[in-house]
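Working notes for the structure below.
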There are 4 protein chains.
Amino acid sequence: MNYSDKQIQILTTAERLFSSNGFDGTSVRDIADEAGVNIAMISYYFGSKEKLMEALFSRRSEDINMQIESLLHNEQMSSLQKMESLVDSYIERVMQKQQFFKIMMCEQVINKNPAIIKLIGEMKKRNIESITKLIKDGQQKKEFKKKVDVLLLMNTLIGCITQTMLTLEYYQEFNDLQNVPQDQFFEQIKQKLSIHIKFLFKALLNYEA
Amino acid sequence: MNYSDKQIQILTTAERLFSSNGFDGTSVRDIADEAGVNIAMISYYFGSKEKLMEALFSRRSEDINMQIESLLHNEQMSSLQKMESLVDSYIERVMQKQQFFKIMMCEQVINKNPAIIKLIGEMKKRNIESITKLIKDGQQKKEFKKKVDVLLLMNTLIGCITQTMLTLEYYQEFNDLQNVPQDQFFEQIKQKLSIHIKFLFKALLNYEA
Amino acid sequence: MNYSDKQIQILTTAERLFSSNGFDGTSVRDIADEAGVNIAMISYYFGSKEKLMEALFSRRSEDINMQIESLLHNEQMSSLQKMESLVDSYIERVMQKQQFFKIMMCEQVINKNPAIIKLIGEMKKRNIESITKLIKDGQQKKEFKKKVDVLLLMNTLIGCITQTMLTLEYYQEFNDLQNVPQDQFFEQIKQKLSIHIKFLFKALLNYEA
Amino acid sequence: MNYSDKQIQILTTAERLFSSNGFDGTSVRDIADEAGVNIAMISYYFGSKEKLMEALFSRRSEDINMQIESLLHNEQMSSLQKMESLVDSYIERVMQKQQFFKIMMCEQVINKNPAIIKLIGEMKKRNIESITKLIKDGQQKKEFKKKVDVLLLMNTLIGCITQTMLTLEYYQEFNDLQNVPQDQFFEQIKQKLSIHIKFLFKALLNYEA
DNA sequence: AATGAATGAGAGTTCATTCAT
DNA sequence: TATGAATGAACTCTCATTCAT
């Protein structure tokens with residue numbers, strides 16, 4: 001999709017508002033006001049509030065899917081390296097697009113818009129396929145142990161990151177990091193998460209129970 | 001709080017609808033209709049839609065807090081046993097109260113009602129305190145390793161469980177379990193989760209990186 | 001009518017609330033709460049909110065009518081004395097029952113409840129008759145001039161008093177009497193009004209234009 | 001303020017309904033229905049029912065204040081002439097805007113909307129100032145006597161007119177004028193009032209008690 | 001292509017009253 | 001006689017969307 005500046009302005013504002021007030025808690029009037037456009041523009045450009053949400057989802061999920069593709073085709077890395085690279089990539093994506101991942105999380109719960117459900121399903125399916133393939137490769141190369149539950153592994157990855165994203169404030173407060181600039185804090189938390197999850201993955205992929 | 005049958009009927013219906021449509025996506029009319037009560041009863045009993053949500057939260061968080069308390073006072077278990085027991089307890093709670101945990105997840109994102117924010121904060125604080133204490137005990141008894149990041153450990157626990165809860169359908173489909181009765185499927189997934197998370201925790205609490 | 005303590009409590013509270021919030025701006029719940037009785041009592045005792053208003057009106061207008069009757073039958077006073085006595089009596093009544101007169105003023109404007117309209121009409125008719133008779137007597141005794149517009153005279157009396165009642169705060173502020181105790185301030189204003197209106201009446205009843 | 005036709009239609013309807021049913025006794029639905037506009041237009045144009053009332057008040061009080069200003073700057077009249085002109089002007093205004101003055105009277109009693117209270121206060125203050133100035137001028141020119149209570153004079157003016165306005169029906173009935181066309185009746189009553197109040201004012205401003 | 005005006009539908013809440021006890 | 005529980009109706013206001021321009 002090729003969006004005009006105004007359309008991108010709307011999408012960006014919608015993402016921000018949806019992520020902090022929820023879809024039903026955000027009115028198109030709010031979006032239009034904050035985006036500095038006429039209310040009618042939203043229906044005019046996107047058709048409806050729901051379609052706006054779908055456009056927003058399409059835009060982000062395209063981004064995300066492209067990143068995954070490129071990652072796995074790097075032939076020079078070992079399976080574990082690929083997996084670790086995927087972990088970092090995922091951490092990076094979630095932390096960079098926090099707003100979108102918050103929206104996605106809520107949409108997974110609410111589950112009302114079929115188009116969104118479909119998009120999420122496709123993302124998830126593609127994720128599962130990629131990781132399954134990666135793990136099978138690793139198993140063939142004896143890098144990974146035989147029995148790996150791909151879904152639980154994925155849920156551990158995604159759950160741990162999103163849960164951390166949801167509780168960033170607590171982390172900041174608990175570790176007395178309130179005065180650290182946000183950029184720096186984000187870098188710190190990304191590194192912590194990276195080490196933590198890689199450690200978990202090594203256990204899941206190598207150690208026998 | 002002592003609620004009448006009708007009040008419980010309202011709370012139960014609200015929990016179901018909030019969990020599947022979100023707070024803003026559920027109208028008090030919907031709740032009243034499905035609960036089979038007059039629409040005015042909701043304001044009459046709870047004061048407002050927001051207060052209804054708060055009542056719902058109070059009720060569940062009381063439940064949950066009580067469960068945690070009782071668990072940690074069992075003196076006959078080792079620290080690891082306690083931790084594992086806590087894991088199972090958490091899995092059980094989330095799977096049993098899926099609706100409530102979905103609501104809580106969305107509320108953590110949306111973050112609008114101060115009373116709810118406070119309740120969630122208190123639950124989280126209590127969780128952190130309990131687990132911190134448990135881990136310190138384990139470290140004193142040399143059962144656990146020195147360096148443990150309590151928050152990341154908690155996020156792993158909670159994130160993994162909730163993420164699994166959110167994707168139960170995918171799990172069912174992926175593992176061809178569509179024909180298994182729901183009860184049985186839930187038991188299976190709880191066991192899988194239990195083993196998985198206990199394995200992770202053993203790694204986190206014992207193995208050096 | 002013989003009212004029980006509770007009924008009087010309700011009537012008194014209703015008078016206070018109606019006078020400061022208007023009839024439609026006061027809910028029976030407010031009245032019941034402030035009167036310390038069950039909500040259902042109001043319908044139970046008085047039939048409805050409207051009937052309560054009517055009861056309130058009946059009660060006060062009986063009071064007021066009785067006062068007028070007794071006044072005019074005093075045979076020892078001159079016509080002017082009687083008229084001046086009536087002025088003072090009216091000032092006293094309005095200042096003592098400010099709440100009721102405020103309600104009555106609004107009801108005269110709003111004019112919706114037929115029973116109230118009738119009561120007000122009767123009060124007014126009785127007033128007009130009494131004053132007409134008084135003036136005719138005075139004219140026969142050559143105390144008063146020939147041409148007197150009874151209604152304008154009455155409107156001057158009532159209008160001046162009620163307008164003053166409505167603007168007591170301004171009077172207090174304008175004359176720097178904010179620190180005078182209310183009782184004392186009321187006495188002062190009653191005396192001012194008395195002198196003022198008697199002066200006007202003397203002009204209206206004696207001086208030729 | 002520049003209002004569109006529809007807005008003026010709403011304001012006019014609201015004025016009529018507020019004056020005959022009171023603010024709380026009038027629903028926005030009633031106004032919208034009778035004004036022939038969609039119910040949502042009222043919030044759309046004025047923000048809320050309260051704001052509509054405020055707009056109505058602002059509009060009328062601007063009118064009224066302008067009239068007063070222009071009056072007092074006529075240098076060719078004597079003080080008494082000015083005062084009499086002011087009396088006529090006031091009678092004219094009240095009789096022409098009966099609905100608004102009824103609303104204002106009730107609002108003075110009910111006293112709930114701060115914006116309205118402020119507007120009324122300002123009108124009153126301006127009135128007092130103008131009349132005070134006028135009287136002082138007259139006193140300097142020896143046209144008026146020394147001791148004049150400005151507030152009681154104003155209350156007599158306003159009270160007498162408004163009380164007459166409130167009881168027009170009685171006046172009509174009492175003087176057997178039911179068959180006189182309304183326009184003609186209004187002219188008659190205005191003349192009566194004019195003579196009556198001017199007579200009172202001459203007494204108040206000239207005769208010693 | 002873009003928009004201010006306008007709208008029907010539905011939101012949460014409060015209302016006066018009634019009913020079973 | 002007295003009342004807590006309950007209710008249908010009506011309230012004000014906001015919603016996403018449409019339409020004429």
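Convention: sequence-line order gives letters A, B, ...; per-chain numbering from 1.
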Checklist entry - Rounded to whole angstrom units, what separation is found between the CG atom of D:Asp33 and the C1' atom of F:dC11? => result 14 Å
Item to check | Protein-nucleotide distance (B:Leu17, atom CG; E:dG12, atom P), rounded to Å | outcome: 12 Å
Checklist entry - Looking across every strand, which nucleic acid part, if any, lies under 4.0 Å from C:Ser27 by heavy atom: base, sugar-phosphate, or nothing? => result sugar-phosphate
Next on the checklist: Below 30° counts as parallel, above 60° as perpendicular, anything between as tilted: where do the rings of C:Phe57 and C:Phe100 land?
Outcome noted: perpendicular
Checklist entry - Any donor and acceptor pair, going by atom type alone, linking the side chain of C:Ser19 with main-chain N or O of C:Ile103 inside 3.5 Å? => result no
Checklist entry - What nucleotide among F:dT7, F:dA16, F:dT18 has an atom nearest to a side-chain atom of A:Ala40? => result F:dT18
Next on the checklist: Can you tell me how the ring of C:Phe23 sits relative to the ring of C:Phe18, calling it parallel under 30°, perpendicular over 60° and tilted otherwise?
Outcome noted: tilted
Item to check | First encountered from the 5' end of DNA chain F, between A:Glu50 and C:Val37 | outcome: C:Val37
Checklist entry - Rounded to the Å, how far apart are D:Tyr3 OH and E:dA5 C1'? => result 17 Å
Checklist entry - With a 3.5 Å cut-off and no angle check, do the side chains of C:Glu54 and C:Asn113 form a donor-acceptor pair? => result yes
Checklist entry - So what does B:Ile39 hit on the nucleic acid, given a heavy-atom distance under 4.0 Å: a base, only sugar-phosphate, or nothing? => result base
Checklist entry - Any chance the side chains of A:Thr12 and A:Gln9 put a donor and an acceptor closer than 3.5 Å? => result no
Next on the checklist: Can you identify which nucleotide, out of E:dA16, E:dT13, F:dT14, has its nearest atom closest to the D:Ser43 side chain?
Outcome noted: F:dT14
Next on the checklist: It should be established whether C:Asn38 places a side-chain nitrogen or oxygen under 4.0 Å from OP1 or OP2 of nucleotide F:dA2.
Outcome noted: no
Checklist entry - Counting side-chain heavy atoms from CB outward, which of E:dT17, E:dT13, E:dA2 is closest to B:Val28? => result E:dT13
Checklist entry - Which comes earlier along DNA chain F counting from the 5' end, the contact point of B:Arg29 or that of A:Asp30, where each point is its nearest nucleotide? => result B:Arg29
Next on the checklist: For E:dG12 and B:Lys51 - does any side-chain N or O of the residue sit under 4.0 Å from the phosphate oxygens OP1/OP2?
Outcome noted: no
Checklist entry - Tell me: CE of D:Met41 to P of F:dT14, nearest whole Å? => result 14 Å
Checklist outcome for this item: From CD1 of B:Ile10 across to C1' of E:dG12 the rounded distance in Å is 15 Å
Checklist entry - Please give, in whole Å, the distance from F:dA16 P to A:Phe46 CZ? => result 15 Å
Checklist entry - Could you state the CD1-P distance from D:Ile42 to E:dT7, rounded to the nearest angstrom? => result 12 Å
Next on the checklist: By the 4.0 Å heavy-atom rule, please label C:Tyr45 as base, sugar-phosphate, or nothing.
Outcome noted: sugar-phosphate
Next on the checklist: Output the rounded distance in Å from CG (C:Asp24) to C1' (F:dC11).
Outcome noted: 12 Å
Checklist entry - Counting just side-chain N and O atoms, does B:Tyr44 come under 4.0 Å of either OP1 or OP2 of F:dA5? => result yes
Checklist entry - Considering Watson-Crick and G-U wobble pairs with both distances under 3.5 Å, what does F:dT21 pair with? => result E:dA2
Next on the checklist: Within the 4.0 Å heavy-atom criterion, would you say C:Thr26 contacts the bases, only the backbone, or no part of the nucleic acid?
Outcome noted: sugar-phosphate
Next on the checklist: Under a 3.5 Å distance rule, please check whether B:Thr26 uses its side chain to pair with a backbone N or O of B:Asn21 as donor and acceptor.
Outcome noted: no
Checklist entry - Want to settle it: does D:Gly36 or C:Phe23 sit nearer the 5' end of DNA chain E, counting the closest nucleotide to each? => result D:Gly36
